[in-house]
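A short write-up of the structure that comes next.
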There are 2 protein chains.
Amino acid sequence: MTTLREHKKQTTRVALQEAALRLALAHGPEQVRVDDIAEAAGVSPRTYNNYFSSREHAIVAAVTAQRGSRIVAAIADRPDDVDLATAVIDAVVGQYTDTGSGPPEAMLMIATTPALRTCYVETVTSIEEPLTEAIAGRGLDRETAEVLAAAVEAAAKVALKRWLHFTGAARGGLVIATGSLPELVRAAIETFRPAFAAAARPR
Amino acid sequence: MTTLREHKKQTTRVALQEAALRLALAHGPEQVRVDDIAEAAGVSPRTYNNYFSSREHAIVAAVTAQRGSRIVAAIADRPDDVDLATAVIDAVVGQYTDTGSGPPEAMLMIATTPALRTCYVETVTSIEEPLTEAIAGRGLDRETAEVLAAAVEAAAKVALKRWLHFTGAARGGLVIATGSLPELVRAAIETFRPAFAAAARPR
DNA sequence: ACGAAAAATTGCGTGCGCGCAAAATTCTGA
DNA sequence: TCAGAATTTTGCGCGCACGCAATTTTTCGT
């Protein structure tokens, strides 16, 4: 087990995330350059892009880091007699509960900054592959698992966009009555329960 | 109807698309810079980015331009007694038939160039909004329509990735038996037929 | 037909993303 | 312990994306 290397990589990755979030919260997200983050993390600017492919990525990653692994764990921990749709929905919804979303100011900043908002929604993509594995692990063939995982991901994105839309609009004083984020996510994914049921039925 | 303006915009947009595709096919996609495309279209480099947000976008747009409007038309042209799922699936699948995909060399270039491949898959996103309208137009509430449209889009992306993966792999001499693109798209979306059925049922 | 309003084009400046090759660091086997 | 292999970090350079403000083009009311 090669350890020193992986450990160091993980360390600088976390250092970059935390530096990025801290600086963004302190000076405003538009005011922090990649060079600032790199310097704060004690690393060269070029190295930043070995870890994150955009300026916003590190900031958002500070909040969304281990989402994928948490979801697979949540699904795996569920007894096998729980039907697949329920297990998946609960697992994904669980990731969008207040707990574990990092400091509350962070989410506000992300919701009110267009570039961060976009990046945040895109990170939902990171659940696709683990979700596929988890679904395939419950006996569905891989092809179907991929499509269902993609659908869940898409539904989560839609829910997220709605929520961010309203949260962002709240800045302008206009607040429309709408569900909480977990409720929105659940309702959206629930649309596919019939598809899960049909896919789980051996044909 | 303000016409001169819109007409001119449409003209330069098309000029940029065609110039981009032509140059990319001629010299290879990596060898053509934004400035080259702009010059070939008789427009300033800065203007290029008023029309397309990335270097690859114009090239891909030359092939995918009016996909959204074609899909809504295809759905609208279907008699109302055809069930929604069928109408949507046929409409989307119809867009991935050989016809209308532009010159065949173009698709090969896109399939074998990573940056273009990524961009091409992303353009599927452009069907989301029109698809939402079309579905909502058939009597489903907007919320559900959005989620279903997103799922269809996601399924199409998965199918596209599979197809591109194999097409790309064919370069390396490894060809795995797999369906044609339309068949892949159809099979993927078919997964959601139950969800469409359940959503169409008034509750 | 003309002048003001609206909108598109353009040049400029800045920061970003990344390929490449050299330098530094870490790992492996003897 | 140490030399060579493997991997990571870094500096450099290029082209891209885009905000901004000035300029040019198109539209519209009279």
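Keep in mind that what you see is a predicted model, and the values were worked out from it rather than measured. Computed from heavy atoms alone, side chains included, the values below leave out hydrogens, waters and symmetry copies. Just so we're on the same page: letters track the sequence lines, and every chain starts at 1.
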Find the distance [X]:[atom1] to [N]:[atom2] and express it as a whole number of Å.
X       : N      : atom1 : atom2 : result
A:Arg5  : C:dA24 : CZ    : P     : 16 Å
B:Ile59 : D:dC16 : CD1   : C1'   : 13 Å
A:Asn50 : C:dC20 : CG    : P     : 14 Å
A:Tyr48 : C:dG17 : OH    : P     : 7 Å
A:Glu30 : D:dC20 : CD    : P     : 10 Å
A:Arg55 : D:dG19 : CZ    : P     : 12 Å
A:Glu39 : D:dG11 : CD    : P     : 12 Å
A:Arg33 : C:dC16 : CZ    : C1'   : 12 Å

Task: Candidate list A:Asp83, A:Thr86, A:Asp90, test side-chain hydrogen bond (donor to acceptor under 3.5 Å, both in side chains), partner A:Arg78, passing option - done: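 Testing each of A:Asp83, A:Thr86, A:Asp90 against A:Arg78, the sole residue satisfying side-chain hydrogen bond (donor to acceptor under 3.5 Å, both in side chains) is A:Asp90.
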Open item on the list: Looking at B:Glu143, is its backbone amide N or carbonyl O close enough to the side chain of A:Arg162 to form a donor-acceptor pair, meaning the two atoms are under 3.5 Å apart?
Closed with: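 Between the backbone of B:Glu143 and the side chain of A:Arg162 there is a qualifying donor-acceptor contact (under 3.5 Å).
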Open item on the list: It should be established whether B:Tyr51 places a side-chain nitrogen or oxygen under 4.0 Å from OP1 or OP2 of nucleotide C:dT9.
Closed with: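 It does, given that an N or O in the side chain of B:Tyr51 lies less than 4.0 Å from OP1 or OP2 of C:dT9.
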TODO: Output yes when at least one side-chain N/O atom of B:Thr47 is less than 4.0 Å from OP1 or OP2 of C:dT10, else no.
DONE: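 Answer yes for this pair, as a side-chain N or O of B:Thr47 is under 4.0 Å from OP1 or OP2.
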Open item on the list: How bent is the helix from C:dA1-D:dT30 to C:dA30-D:dT1, measuring the angle between the end axes built from five pairs each, rounded to 10°?
Closed with: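 Terminal axis comparison yields 30°.
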Open item on the list: Between B:Ser54 and B:Lys8, which residue's closest nucleotide on DNA chain D lies nearer the 5′ terminus?
Closed with: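 By nearest-heavy-atom nucleotide position, the 5'-most residue is B:Ser54.
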Open item on the list: With nearest nucleotide decided by heavy atoms, which residue, B:Asn49 or A:Ser44, maps closer to the 5′ end of DNA chain D?
Closed with: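 Its nearest nucleotide being more 5', the pick is A:Ser44.
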- [ ] Can you sort out the partners of A:Arg46 under salt bridge (Lys or Arg N to Asp or Glu O under 4.0 Å), two or more places apart, ordered by chain and number?
- [x]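 Here no residue qualifies.
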Open item on the list: Quiz question: by atom type and distance under 3.5 Å, do the side chains of B:Arg117 and B:Thr112 form a donor-acceptor pair?
Closed with: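 No pair is found: no donor N or O on one side chain lies under 3.5 Å from an acceptor on the other.
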Task: Polar contact flag, side-chain donor to acceptor under 3.5 angstrom, B:Ser44-B:Thr47 - done: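 B:Thr47 and B:Ser44 do have a side-chain donor-acceptor pair below 3.5 Å.
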Open item on the list: Rounded to the nearest 0.5 Å, what separates atom OG1 in B:Thr191 from atom CZ in A:Phe196?
Closed with: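 Between atom OG1 of B:Thr191 and atom CZ of A:Phe196 there are 10.5 Å.
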TODO: Tell me which nucleotide among C:dA8, C:dT26, C:dC16 gets nearest to the side chain of A:Asp35.
DONE: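 For A:Asp35, the side-chain atoms sit closest to C:dC16.
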Open item on the list: Quick check: any donor-acceptor pair below 3.5 Å linking the side-chain of B:Arg46 to the base of D:dG19?
Closed with: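 It does, because a donor-acceptor pair links the side chain of B:Arg46 to the base of D:dG19 below 3.5 Å.
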Open item on the list: Is it the case that over 12 heavy atoms from other parts of the model lie below 6.0 angstrom from the CD atom of A:Glu39?
Closed with: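 It does not: A:Glu39 CD has 12 such atoms or fewer within range.
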